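Note on naming: letters A, B, ... go to the chains in the order of the sequence lines (proteins, then strands), and numbering restarts at 1 for each one. The structure displayed is predicted, hence computed values, not measured ones.
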2 protein chains.
Amino acid sequence: MKLSEAKQQFISNWGAFGTHWGINRTMAQIHALLLISPDPITQDDMMEELNISRGNVNMNIRELINWGLAERIILPGERKEFFSAEKDIWLVVKRIVKERKKRELDPMLQLLDKLEAVEGDKKDKHVKTFVETVGNIKKLGKQADKTLDTMIKAEENWFISNMLKIFK
Amino acid sequence: MKLSEAKQQFISNWGAFGTHWGINRTMAQIHALLLISPDPITQDDMMEELNISRGNVNMNIRELINWGLAERIILPGERKEFFSAEKDIWLVVKRIVKERKKRELDPMLQLLDKLEAVEGDKKDKHVKTFVETVGNIKKLGKQADKTLDTMIKAEENWFISNMLKIFK
DNA sequence: ACTATGTTTCAGTAAATATTGAAAATTCGG
DNA sequence: CCGAATTTTCAATATTTACTGAAACATAGT
């Protein structure tokens with residue numbers, strides 16, 4: 001396979017992959033493009049490679065920066081801005097996990113805390129099932145929360161060697 | 001908080017949560033409703049509780065069954081079909097992980113294998129960066145794959161005690 | 001402080017996704 | 001095997017989400 005074709009496939013699949021993970025297609029495609037670009041590139045480069053508008057590039061690159069997955073680079077003597085992505089995949093994963101935990105898991109756990117305190121007769125099976133369900137989800141959620149927290153702080157080697165230890 | 005209000009909040013938030021995870025809002029809401037229902041319920045119950053159409057209920061309940069998260073229950077002497085959800089949250093998580101791994105991670109790893117074999121001079125920095133990036137993603141992906149496989153087979157107690165061991 | 005170059009914003013539009021509702025299909029009891 | 005009850009399908013529609021393009025804004029060089 002030629003590089004140009006491989007690039008196309010990588011970008012397009014990374015985009016589709018992203019959509020399953022709450023990241024929009026274009027944002028994921030820009031990210032893919034940055035990942036495989038040896039040097040920083042401009043917004044115009046992205047427009048051309050991905051056939052998308054200037055506004056679209058601009059909005060999505062901003063979002064990538066918010067997520068900590070890309071950075072703006074000013075090259076001396078260059079008028080245009082350049083962009084590059086974090087290439088260390090482990091770091092990328094950690095940043096995504098951190099961001100999504102903050103946006104999704106943490107608020108959910110807060111809500112569950114509130115809901116568990118529902119008033120009513122615990123003998124009533126509707127109340128009982130509700131409280132049990134919420135409690136069980138919370139228990140697992142809390143565990144996931146701790147696990148992710150530690151993972152976010154972890155070194156890659158540390159992570160892999162520990163996982164191998166358990167999951168032989 | 002009253003049970004009715006708590007139910008509403010749980011359902012609505014579980015729905016919003018689902019949308020971040022590639023599950024559509026209604027499917028997640030039906031799932032939430034089933035989770036907190038002590039006894040199996042009918043499609044009509046769902047239509048009423050969630051204010052959605054018969055067709056919508058039907059399509060989404062089918063999808064839940066595909067995912068292994070709900071089951072159809074025939075009660076003797078009842079004309080209508082009833083439905084209930086798996087209440088063991090750990091099992092629910094494992095089923096979701098299994099399904100998404102099959103749908104997303106496995107195909108991605110297959111693709112990366114193909115892409116890593118791109119032809120071209122490895123001295124060319126474009127080729128070099130591409131191969132390295134793909135290789136790094138593959139490496140982490142393979143590790144995740146193994147980890148998830150083991151998790152899918154794991155007992156909850158086994159999982160939690162192991163996690164606690166590592167992530168004190 | 002003017003102008004050319006580059007960036008950002010956002011209202012309007014397009015595309016993708018989810019939902020409805022009614023017709024068709026299926027199932028069950030008699 | 002008939003008819004009522006129930007479930008399923010799917011074309012039409014509504015809703016949500018993403019994208020465009022042009023105008024407004026910013027910046028740097030002279």
Item to complete: Give the rounded distance in Å between these two atoms: CG of Leu75(A) and C1' of dG6(C).
Response: 15 Å
Worksheet item: Does the cation-pi check pass for Arg100(B) over Trp21(A), that is, NZ or CZ under 6.0 Å from the six-membered ring centre and within 45° of its axis?
Response: yes
Fill in: Rounded distance (Å) that lies between atom C1' of dT9(D) and atom CD1 of Ile61(B)
17 Å
Worksheet item: Quick one: Glu63(A) CD to dT17(D) C1', roughly how many Å, whole number?
Response: 14 Å
Response to the item:
Regarding the side chain of Ile52(A), the nearest nucleotide among dT8(D), dT7(C), dT20(D) is dT20(D)
Worksheet item: Just checking, any donor-acceptor pair under 3.5 angstrom between side chains of Asp45(A) and Thr42(A)?
Response: yes
Worksheet, complete the sentence: From CD of Gln43(B) across to P of dT26(C) the rounded distance in Å is 16 Å
Discussion item. Can you tell me if Arg72(B) touches the phosphate of dT8(D), counting only side-chain N or O atoms and a distance under 4.0 Å to OP1 or OP2?
Written reply: yes
Item to complete: Measure from the side chain of Met59(B), starting at C-beta and using heavy atoms only, and say which of dT7(D), dT20(C), dC19(D) lies closest.
Response: dT20(C)
Item to complete: Look at Asn58(B) and dT7(D) and indicate whether a side-chain polar atom (N or O) is within less than 4.0 Å of OP1 or OP2.
Response: no
Discussion item. Pairing donors with acceptors under 3.5 angstrom, does anything connect the side chains of Thr133(A) and Asn136(A)?
Written reply: no
Worksheet item: Taking only side-chain nitrogens and oxygens of Thr26(A), does any of them come within less than 4.0 Å of OP1 or OP2 of dA18(D)?
Response: no
Fill in: Of Gly55(B) and Arg62(A), the one whose closest DNA chain C nucleotide lies more 5'
Arg62(A)
Fill in: Interatomic spacing from CG in Asn58(B) to CE in Met47(B) - rounded to 0.5 Å
10.5 Å
Worksheet item: Could you state the CG-P distance from Asn60(B) to dT17(C), rounded to the nearest angstrom?
Response: 15 Å
Practice prompt. Provide, to the nearest angstrom, the distance between the CD1 atom belonging to Ile73(B) and the C1' atom belonging to dT7(D).
Written response: 17 Å
Practice prompt. Answer yes or no: is there a side-chain heavy-atom contact under 4.5 Å between Arg103(A) and Glu99(A)?
Written response: yes
Worksheet item: When the distance from CD of Glu81(B) to P of dC28(C) is rounded to whole Å, what number comes out?
Response: 9 Å
Item to complete: Figure out the CZ/P separation between Arg54(B) and dA24(C), and round it to whole Å.
Response: 17 Å
Worksheet item: So what does Asn24(B) touch, heavy atoms closer than 4.0 Å: a base, only the sugar-phosphate, or nothing?
Response: sugar-phosphate
Item to complete: Measure distances between side-chain N and O atoms of Arg79(B) and base N and O atoms of dT6(D), and say whether any donor-acceptor pair falls under 3.5 Å.
Response: no
Fill in: Gly77(A) or Val57(A), whichever maps to the more 5' nucleotide of DNA chain D
Val57(A)
